[in-house]
Amino acid sequence: MQLDDIRAFERIAASGSISDVSRRHGIPKSSLSHGLRRLEVELGSALFERRGSRLILTDEGLAFLGHAQDVVRACERAEDAVRTKRLSSTVKLRVGTTDELGTNLMAPMCLQYLRRNDDVAFDLAVLNKVDLFHRDAGLDCIIFAGPPPDEEAKNLIHRRIARYVSRLYASPDYLHGNGNPMTIDELRRHPLIENRASGGIATWSIANEQERVIIHPNGRTSTNDNWLAKLSAIQGMGIGFFPEWFTIEEVRAGILVPVLPEWSSDAVSVGIYYHAHRFSNPQIKAFVTFLATQFYGFYRFPYREDDFDMGGIKLS
């Protein structure tokens, strides 16, 4: 059996689509199909059956899947073992996160780590939630806020490093021209900026000490990007809903102000996710330990080394 064929089988089993694997990895569909047929000939059994547009594992495919995953993981462990012997060389760690944490957490923390460790390099990836946890993303560790996708994260180790809440914000000019809402009913009459950066349709679940309400944003501005949503609020397009740490500099500069400050989201955890077998790699272990134990808070301005600031973050 060829290792590439086994890897292709495992990827197709995870995705359910040869086209999707081809797109993700830049492998021609014909090569994937040929490798799969070659593997099935060697095993003497069909490994998939087609149902509509999806490829579903047969009983034989299910029986083979666990062994294929063991082979792929053994190869990853072998690669890690070789890396540990190259202590005199720079080791590149691939770290991933989502858009909202890229500039505000991953970049400054990784840059701080680089200053302390001359033998490490980073490949920093900003991905959507689905691609971030996909096994084929090839990440050594993931920094993520909120609940991860259950199926993709079930085989990962998780360490929590912080918690935060989200609150309502608007520009002073907007509030001067449109009034500052004093109640939830008044809030609903304002244009509310929809931010779908975490995926799906945005709703705001907020609570004070007495009650919880669900808000459906209804403004003229809708986006799937955190920075565009914040810019819309700064430019007076309505009221936005953002993590506290995401508005620290704007609040201090006076270009955003809190609205209904007694209302907030539930606390959201920020965590590190990694494969258990990769923790045996000393470089990965050292970096994960750094993130978990040396986390002082988010930078309020991410380009200056001395600008550590808690900004609403509470250490776990």
Side-chain angles (χ1 to χ4, degrees), residues 97-105 107 126 128-129 145-147 162-270 297-304 307 309-314:
T97 193
T98 54
D99 169 70
E100 63 181 351
L101 299 183
T103 303
N104 293 279
L105 175 61
V126 176
N128 62 53
K129 181 177 180 179
R163 290 172 293 171
Y164 68 85
V165 297
S166 293
R167 299 186 186 276
L168 300 158
Y169 297 90
S171 72
D173 288 344
Y174 171 82
L175 296 176
H176 179 75
N178 297 275
N180 194 342
M182 295 291 105
T183 66
I184 291 297
D185 287 339
E186 291 181 8
L187 174 70
R188 295 183 194 274
R189 293 195 285 270
H190 284 258
L192 307 177
I193 299 166
E194 181 181 5
N195 179 10
R196 307 181 311 280
S198 60
I201 299 174
T203 57
W204 303 348
S205 176
I206 58 176
N208 61 11
E209 293 183 353
Q210 286 79 38
E211 62 178 319
R212 175 178 302 278
V213 298
I214 302 296
I215 304 292
H216 298 277
N218 59 354
R220 296 168 58 196
T221 305
S222 176
T223 179
N224 65 348
D225 181 85
N226 290 289
W227 293 91
L228 289 177
K230 182 166 68 173
L231 180 61
S232 297
I234 293 170
Q235 293 293 322
M237 297 306 297
I239 298 173
F241 186 58
F242 307 107
E244 285 182 319
W245 49 263
F246 196 52
T247 58
I248 295 169
E249 194 69 13
E250 290 79 12
V251 170
R252 284 177 175 161
I255 58 177
L256 285 179
V257 296
V259 175
L260 294 172
E262 67 276 17
W263 292 83
S264 70
S265 71
D266 290 335
V268 175
S269 294
V270 180
F298 289 93
Y299 286 103
R300 64 181 172 89
F301 188 75
Y303 307 109
R304 297 179 298 201
D307 276 339
D309 193 287
M310 291 303 296
I313 297 296
K314 296 180 180 179

Note to self: With heavy-atom distances below 4.5 Å as the criterion, would you say the side chains of I215 and I184 are in contact?
What the structure shows: yes
Note to self: How long is the straight-line distance from CD1 of I193 back to CG of L168, given to the nearest 0.5 Å?
What the structure shows: 10.5 Å
Next item on the list: Name all residues meeting the side chain to side chain donor-acceptor pair (under 3.5 Å) criterion together with T247; count only those two or more places apart in sequence or in a different chain, and write none if there are none.
Entry: Y169
Next item on the list: For N128, check side chain to side chain donor-acceptor pair (under 3.5 Å) against everything at least two apart and list the hits.
Entry: D131
Item checked: From Y174 atom OH to Q235 atom CD, the distance as rounded to the nearest 0.5 Å -> 14.5 Å
Note to self: So, using ring pair (Phe, Tyr, Trp, His ring centres under 6.0 Å) as the criterion, who are the partners of W263 when residues are at least two apart?
What the structure shows: none
Notebook entry, point to check: Measuring from I206:CD1 to R167:CZ, what's the distance to the nearest 0.5 Å?
Noted result: 10.5 Å
Next item on the list: Take V251 and E244, measure what side chain to side chain contact (heavy atoms under 4.5 Å, CB included) needs, and give me the verdict at the end.
Entry: CA-CA 10 Å; V251 170; E244 285 182 319; over 6 Å; no
Item checked: Sequence-distant partners of F242, ring pair (Phe, Tyr, Trp, His ring centres under 6.0 Å), two or more places apart -> none
Next item on the list: For the residue pair E262 and L260, establish whether any side-chain heavy-atom pair is separated by less than 4.5 Å.
Entry: yes
Next item on the list: Check salt bridge (Lys or Arg N to Asp or Glu O under 4.0 Å) between D266 and all other residues, then give those that pass, not counting sequence neighbours.
Entry: R212
Next item on the list: Specify the closest pair of heavy atoms between A233 and S171, including all atoms of both residues, with the distance to one decimal.
Entry: O-CB, 3.5 Å
Checklist line | Heavy-atom pair with the smallest gap, counting every atom of D225 and L228 | finding: OD2-N, 2.8 Å
Next item on the list: Verify side chain to side chain contact (heavy atoms under 4.5 Å, CB included) between N226 and T98, making sure each step is shown before the conclusion.
Entry: CA-CA 10 Å; N226 290 289; T98 54; over 6 Å; no
Next item on the list: Could you list the residues that satisfy side-chain contact (heavy atoms from CB on, under 4.5 Å) with L175, not counting sequence neighbours?
Entry: A170, N180, P181, V257, V259
Notebook entry, point to check: Looking at CD1 of I239 and OG of S232, how far apart are the two atoms once the value is rounded to the nearest 0.5 Å?
Noted result: 13.5 Å
Notebook entry, point to check: Can you tell me how far CE of M237 sits from CG of L231, rounded to the nearest 0.5 angstrom?
Noted result: 10.5 Å
Margin query: I'd like to know if the side chain of S265 reaches the main chain of S166, judged simply by a donor and an acceptor atom lying under 3.5 Å from each other, with no hydrogens or angles considered.
Written below: yes
Notebook entry, point to check: Has the side chain of D185 got a donor or acceptor atom that lies under 3.5 Å from a matching backbone atom of R188?
Noted result: no
Item checked: Inter-residue atom distance T203.OG1 - E194.CD, 0.5 Å rounding -> 9.5 Å
